[in-house]
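Structure first, then comments.
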Amino acid sequence: MSSHTRPAGVATQALGLGLMAGAMLLMTVVAVLVFPEEAGGAAIAAALLAGGATLVWRAPRTWAKVVGLIVTLAAATMFFFLAFGIFQVFSPLEFVAGLAFVLGFLLAMIGGIRALT
């Protein structure tokens with residue numbers, strides 16, 4: 001395996017974590033405008049998810065994949081309410097953030113499990 005190729009599971013897990021980080025970054029921007037007191041939590045979650053994606057991508061080792069799965073599950077547990085944004089079609093920001101978060105969660109979980117096998 002050359003240094004420029006990654007296994008499909010690692011790439012999928014990193015992509016999913018990146019999507020989740022993007023959704024949290026979008027929610028950070030929304031929180032700054034609407035609920036400034038909650039912007040810090042969303043920014044920290046975006047940074048942790050981006051760090052997890054970077055870790056999985058740059059160090060595709062077993063421990064990095066496990067850390068990526070733990071970060072995925074922790075973010076999904078803390079921010080499960082973003083999934084309800086999918087039903088808010090009249091609010092584009094909530095819909096896009098919810099869709100990106102759910103899709104990112106699914107990709108990160110499937111890719112992480114695939115990368116471990």
Only distances under 3.5 Å count here; give the side-chain donor-acceptor pairs of residues 66-79 to other protein atoms, sequence neighbours excluded, each with its distance to 0.1 Å.
| from | atom 1 | to | atom 2 | distance (Å) |
| --- | --- | --- | --- | --- |
| T72 | OG1 | G68 | O | 2.7 |
| T77 | OG1 | L73 | O | 2.7 |

Minimum heavy-atom separation for [X] and [Y], please, with both atom names.
| X | Y | answer |
| --- | --- | --- |
| A50 | A21 | N-CB, 3.7 Å |
| A108 | Q13 | O-CG, 3.6 Å |
| Q88 | E94 | CG-OE1, 3.4 Å |
| F101 | L82 | CD1-CD1, 3.8 Å |
| A23 | A100 | CB-CB, 4.0 Å |
| A42 | M27 | CB-C, 4.4 Å |

With clusters defined by side-chain heavy atoms of hydrophobic residues (ILVMFWY) lying less than 4.5 Å apart, directly or transitively, does [Y] cluster with [X]?
| X | Y | value |
| --- | --- | --- |
| I110 | L19 | no |
| V102 | M20 | yes |
| L15 | L103 | yes |
| F81 | L25 | no |
| V10 | L106 | yes |

If I take atom [atom1] from residue [X] and atom [atom2] from residue [Y], how far apart are they, to the nearest 0.5 angstrom?
| X | Y | atom1 | atom2 | answer |
| --- | --- | --- | --- | --- |
| I113 | T12 | CD1 | OG1 | 12.0 Å |
| E38 | T28 | CD | OG1 | 11.0 Å |
| M109 | R114 | CE | CZ | 15.5 Å |
| F90 | F95 | CZ | CZ | 12.0 Å |

Requested in this report: With side-chain contact (heavy atoms from CB on, under 4.5 Å) as the test, would you mind laying out the steps for W63 and L55 before giving the verdict?
Outcome: CA-CA 10 Å; W63 63 269; L55 180 68; 3.6 Å; yes
Query raised in the report: Between F84 and F80, how do the two ring planes meet: parallel, tilted or perpendicular, split at 30° and 60°?
Result: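 F84 vs F80 ring planes: perpendicular.
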